[in-house]
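One structure below.
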Amino acid sequence: MIVEEKELDEQSVESKKAADMEPTDTEADPTKQDSPNDNVSSEAETSKEESDGGSESTDKKEKKKSFLGKDKKEKPNKLQERVDELEDRVKRQMAEFDNFRKRSEKEKAAMFETGAKSVIEKILPVVDNFERGLAALTEEERKQPFAEGMNMIYKQLITELEKIEVKPIEAIGCEFNPELHNAVMQVQSEEYESGIIAQELQKGYMYRENVVRHSMVAVVE
């Protein structure tokens, strides 16, 4: 029994030595060892994943930034467009109002001119009667108080007409002008040449630059 146990101990020792002498899986198969290329490839994959993740986050940030930037850019543009539109509208309304004001002033001036001419036309026959009455007086009659009073009223009337820019049209000795004169007859004259006004039958008047009444004249043949 002792011999058998001894033999078993020797066999176990020998098997243990043999097991120690056998190469490990790593030593027996060099392909199972970690190669530098494997390490590099794993690092590259890791960096690639990190770069992919970083690029994705960067794209998201850029998209978000561009989206926000677009909003910020569009809002001022829309606001500026609205401001420009309102400013243009105000300018148009101001121009229209200015044109309306000028047109109204011109119409008022035209209405005033028309009204003034109408009144002056009604006063002129009174002036004509004063002139005819004073022209018919003799020298002795003109010295009388009544005639002097009539003459003073006539002069006052002419002065007031001059103040509102009513003035008589020159006729005798002037060349005939159809815009100012109304020729009612032709006469012969040794004093004036042909086409010159020799007689004034009715005095004409102008109000500012407009003719209120044309002069009735006789023109030399």
Side-chain angles (χ1 to χ4, degrees), residues 82-221:
R82 183 61 177 170
V83 170
D84 294 339
E85 182 182 354
L86 294 174
E87 185 178 357
D88 182 67
R89 186 180 298 177
V90 170
K91 287 181 179 179
R92 289 177 182 273
Q93 289 179 350
M94 289 179 66
E96 290 177 359
F97 178 76
D98 188 53
N99 292 333
F100 172 76
R101 181 180 59 79
K102 291 179 180 178
R103 187 168 59 251
S104 299
E105 290 178 355
K106 189 178 290 185
E107 290 176 355
K108 287 179 181 178
M111 291 174 65
F112 180 80
E113 294 278 339
T114 304
K117 285 176 65 176
S118 177
V119 173
I120 292 166
E121 287 175 353
K122 293 177 180 179
I123 293 175
L124 291 180
V126 179
V127 176
D128 295 338
N129 290 331
F130 268 104
E131 290 177 350
R132 292 190 188 101
L134 293 173
L137 296 176
T138 61
E139 292 293 333
E140 292 181 358
E141 290 175 344
R142 289 181 182 179
K143 293 179 182 179
Q144 294 180 4
F146 178 77
E148 290 179 353
M150 295 292 290
N151 191 25
M152 290 176 63
I153 295 172
Y154 168 73
K155 288 180 178 180
Q156 184 180 4
L157 183 59
I158 295 299
T159 302
E160 295 300 325
L161 289 174
E162 289 177 352
K163 287 181 180 179
I164 60 174
E165 301 183 39
V166 177
K167 57 185 179 180
I169 298 173
E170 295 181 2
I172 298 176
C174 297
E175 186 177 358
F176 174 74
N177 184 355
E179 294 182 356
L180 303 176
H181 309 125
N182 182 18
V184 295
M185 60 184 297
Q186 289 183 336
V187 295
Q188 294 179 353
S189 175
E190 296 179 356
E191 185 178 359
Y192 300 108
E193 298 178 356
S194 176
I196 303 299
I197 297 172
Q199 296 179 11
E200 184 181 45
L201 306 176
Q202 187 181 47
K203 188 177 292 185
Y205 289 88
M206 292 184 66
Y207 172 61
R208 295 180 179 177
E209 301 298 327
N210 300 316
V211 177
V212 178
R213 187 177 73 182
H214 291 76
S215 296
M216 294 177 63
V217 296
V219 184
V220 178
E221 295 180 353

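The first residue in the sequence is number 1, and the count goes up from there. This is a predicted model, so every value here is computed, not measured.
The backbone N or O of Thr114 sits nowhere less than 3.5 Å from a side-chain atom of Ser118 that would complete a donor-acceptor pair. Between the side chain of His214 and the main chain of Gly204, no donor-acceptor pair closer than 3.5 Å is present.
Counting heavy atoms from C-beta outward, Tyr154 and Asn151 have side chains that approach closer than 4.5 Å. The shortest side-chain heavy-atom distance between Tyr205 and Ile120 does not fall under the 4.5 Å cut-off.
Applying the side-chain contact (heavy atoms from CB on, under 4.5 Å) rule to Phe100 yields the partners Arg103, Ser104; only residues at least two apart in sequence or on another chain are considered. For Glu191, there are no side-chain hydrogen bond (donor to acceptor under 3.5 Å, both in side chains) partners, not counting sequence neighbours. Partners of Arg92 according to the side-chain contact (heavy atoms from CB on, under 4.5 Å) rule, which considers only residues two or more places apart in sequence or in another chain, are Asp88. Residues satisfying the salt bridge (Lys or Arg N to Asp or Glu O under 4.0 Å) criterion with Lys91, sequence neighbours excluded, are Glu87. Residues passing the side-chain hydrogen bond (donor to acceptor under 3.5 Å, both in side chains) test with Lys203 are Glu131, sequence neighbours excluded. A search for side-chain contact (heavy atoms from CB on, under 4.5 Å) contacts involving Leu137 returns Leu134, Glu141, Arg142, Ala147, not counting sequence neighbours. Residues satisfying the side-chain contact (heavy atoms from CB on, under 4.5 Å) criterion with Glu140, sequence neighbours excluded, are Thr138. For Asn129, the side-chain hydrogen bond (donor to acceptor under 3.5 Å, both in side chains) criterion is met by Arg132, not counting sequence neighbours. In this structure Asn177 satisfies the side-chain hydrogen bond (donor to acceptor under 3.5 Å, both in side chains) test with no other residue, sequence neighbours excluded.
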Enumerate donor-acceptor pairs with a distance under 3.5 Å from any side-chain N or O in residues 159-172 to protein atoms, sequence neighbours excluded.
from	atom 1	to	atom 2	distance (Å)
Thr159	OG1	Lys155	O	2.8

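Of all the heavy atoms in Ala183 and Val219, the pair that sits closest is CB-CG2, 3.8 Å. Residue Val187 comes nearest to Ala198 through the heavy atom pair CG2-CB, 3.9 Å, listed as atom of the first residue, atom of the second, then distance. The two residues Val184 and Met216 make their nearest non-hydrogen contact at CG1-CE, 3.9 Å.
The number of heavy-atom neighbours closer than 6.0 Å to CD of Glu209, taken from other residues, nucleotides and ligands shown, is 12 or below. Counting heavy atoms of neighbouring residues, nucleotides and ligands inside a 6.0 Å radius, atom CD of Gln188 does not exceed 12 of them.
A salt bridge (charged side-chain N to carboxylate O under 4.0 Å, His left out) check over residues 212-221, counting only residues at least two apart or in different chains, returns the pairs Asp128-Arg213. Under the salt bridge (charged side-chain N to carboxylate O under 4.0 Å, His left out) criterion, the residue pairs touching residues 106-127 are Glu113-Arg208, with sequence neighbours excluded.
One finds the OG atom of Ser194 at 7.5 Å from the CD atom of Gln186 (value rounded to the nearest 0.5 Å). Here CG of Asn182 is found 9.5 Å from CD of Gln202. Values are rounded to the nearest 0.5 Å.
Ion pairing of Glu139 with Lys143 is absent here, as no side-chain N (NZ or NE/NH1/NH2) approaches a carboxylate O to less than 4.0 Å.
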